[in-house]
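If you read the sequence from its start, that first residue is 1, and numbering goes on from there. We count ligands from 1, going down the list as the structure has it; atoms in each ligand are counted the same way.
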Amino acid sequence: MTMDSTLDVYYEFVMGLTREAAKVITNSIKLRKTVDTKRGDWDLVTQYDREIEEIIIDRLKSQYPDHMFIAEESAGNNSPDLTDAPTWIIDPIDGTTNFVHGFPHTCVVIALAIRKEVVIGIVYNPLLEQLFTARKGRGAFLNGEPISTSEVDDFSKALVCFEPGFIKIESMAEYVVERLRAIIKVAHGIRTLGVAALTLCYVAMGAVDAYHIEGPGIEVWDIAAASLIIAEAGGVVVDRVSGERVDIMKPRAIGAANSKIADAMVKIIRETDERVDQMKNSTH
Ligand code: LIP
């Protein structure tokens, strides 16, 4: 079998599995959930996150016993390692707070990395029936139709998504507030959805031009699948400090329709952070 046909077999298998696992979201969205808090009240887990993760890992393990797994609810607070082995990277429910509230922007996320490179990405919101998929080198799709990032290359015309929830963390608060203020001043508009993987896919489909996500608990499972989907749709996902391609294991990410928009966002955040550092130094 060629590499491509092996990937196709993995892809077909995991697509069926994603749909099956996502039924748990559909069936439980209106039910009362048992909600546990992880790092803070912005970082939640329910019994359904654990149930979906178990379904996905059990089925993948019995099909591919030599594959590795990095999954949100099994990883706990440990920073996982990514090796060269085929590794399934899973967020059983991304946007758990949305899920808890019945806000219908929540999804199952599965990526496969081989030799540390993401080769399959799937992000599925069963509530709005949005299935984003990509295989390396073969384009990005929404419900089977090809998608591409927007042509906006002027930041003042960009619709930008952002996660302000991390204002709750004292050490991040001023940076997040000031980044938000700076982006609002320059961009066309700002939105916040509370679900990293789906928002990155909105960049991939051209509905959003840039998205910044960074904070404790934002890990490889939030960005692995969608970073391939954005790349295959013609966009970029960069590190907000270097402006270079993001290291999926250290996601302080900017997803953007193109490099021009990504560069503009990197610059705004860098200048804002410098101002906050100066303010903090002058008050000490
Ligand atoms: C969530 C992210 C979201 C962020 C939340 C949380 P989870 O992931 O997708 O963007 O604002 O704090 O980290 O925990 O629902 O998988």
Side-chain angles (χ1 to χ4, degrees), residues 18 21-22 24-25 28-29 33-54 56-57 70-80 89-111 121-127 130 132 160-173 175-177 179-180 183 190-204 208 210-227 229-230 237 240 246 248 250-255:
T18 307
V24 175
I25 294 187
S28 59
I29 188 73
K33 291 108 183 163
T34 306
V35 182
D36 292 325
T37 297
K38 298 194 282 184
R39 294 171 185 77
D41 71 355
W42 36 269
D43 190 14
L44 306 178
V45 58
T46 71
Q47 74 271 42
Y48 300 111
D49 297 64
R50 297 193 183 100
E51 185 182 333
I52 294 178
E53 187 161 308
E54 212 175 290
I56 295 172
I57 294 186
I70 296 177
E72 180 173 19
E73 306 316 335
S74 342
N77 285 344
N78 303 325
S79 233
I89 303 169
I90 300 154
D91 190 344
I93 300 184
D94 190 27
T96 301
T97 304
N98 293 350
F99 171 68
V100 166
H101 288 268
F103 185 65
H105 295 271
T106 185
C107 55
V108 176
V109 186
I110 306 183
I122 299 172
V123 175
Y124 180 39
N125 177 357
L127 302 173
Q130 292 173 313
F132 294 92
V160 178
C161 281
F162 191 82
E163 298 293 340
F166 296 107
I167 288 173
K168 289 188 174 190
I169 299 167
E170 221 187 304
S171 61
M172 291 186 70
Y175 295 98
V176 181
V177 169
R179 286 177 196 177
L180 191 58
I183 294 167
I190 194 153
R191 302 289 181 268
T192 177
L193 279 173
V195 54
L198 262 184
T199 310
L200 287 166
C201 287
Y202 290 174
V203 175
V208 167
Y211 173 54
H212 172 48
I213 178 81
E214 172 178 17
I218 299 303
E219 298 279 356
V220 59
W221 45 78
D222 290 296
I223 73 157
S227 64
I229 296 170
I230 288 195
V237 185
R240 67 106 179 130
V246 77
I248 56 168
K250 295 191 188 74
R252 41 182 189 189
I254 293 170

If you measure every N or O of [X] against every N or O of ligand 1, does any of those distances drop under 3.5 Å?
X    : result
I213 : no
W42  : yes
D91  : yes
A196 : yes

I93 vs I25, side chain to side chain contact (heavy atoms under 4.5 Å, CB included): CA-CA, chis, key distance, verdict: CA-CA 8 Å; I93 300 184; I25 294 187; 4.2 Å; yes
I need the nearest protein heavy-atom contact for [atom]: residue, atom name and distance, please.
atom                    : answer
atom 11 (O) of ligand 1 : E163 OE1, 3.0 Å
atom 13 (O) of ligand 1 : I218 CD1, 3.4 Å
atom 8 (O) of ligand 1  : D94 OD1, 3.0 Å
atom 15 (O) of ligand 1 : T96 N, 2.7 Å

Just jot down the ligand 1 atoms closer than 4.0 angstrom to any heavy atom of [X], in number order.
X    : answer
V195 : 3 (C), 9 (O), 10 (O)
G95  : 7 (P), 15 (O), 16 (O)
Y211 : 10 (O)

Whether H212 and F162 hold their rings parallel, tilted or perpendicular, with breakpoints at 30° and 60°: tilted
Among K38, K168, E72, R39, closest by any non-hydrogen atom to atom 14 (O) of ligand 1: E72
CA sep, side-chain torsions, deciding dist, call: F132, I122, side chain to side chain contact (heavy atoms under 4.5 Å, CB included): CA-CA 6 Å; F132 294 92; I122 299 172; over 6 Å; no
For a quick test of reading the model, state the closest non-hydrogen atom pair linking [X] to [Y] and the distance between them.
X    : Y    : answer
G255 : L200 : CA-CD2, 4.0 Å
P216 : I169 : CG-CD1, 3.3 Å
D94  : A197 : OD2-N, 2.8 Å

Aromatic ring proximity H101/F103, centre distance under 6.0 Å: no
[X] near ligand 1 by a heavy-atom separation under 4.0 Å:
X    : value
I93  : yes
G217 : no
G165 : no
F162 : no

Side chain T34, main chain Q47, donor-acceptor under 3.5 Å: no
Side chain, backbone, both or neither: D222 near ligand 1, heavy atoms under 4.0 Å: side chain
Exercise: do Y175 and E214 side chains pair donor with acceptor under 3.5 Å: no
N-O pairing of K38 and E73 below 4.0 Å: yes
Test salt bridge (Lys or Arg N to Asp or Glu O under 4.0 Å) applied to R50 and E72, step by step: CA-CA 9 Å; R50 297 193 183 100; E72 180 173 19; over 6 Å; no
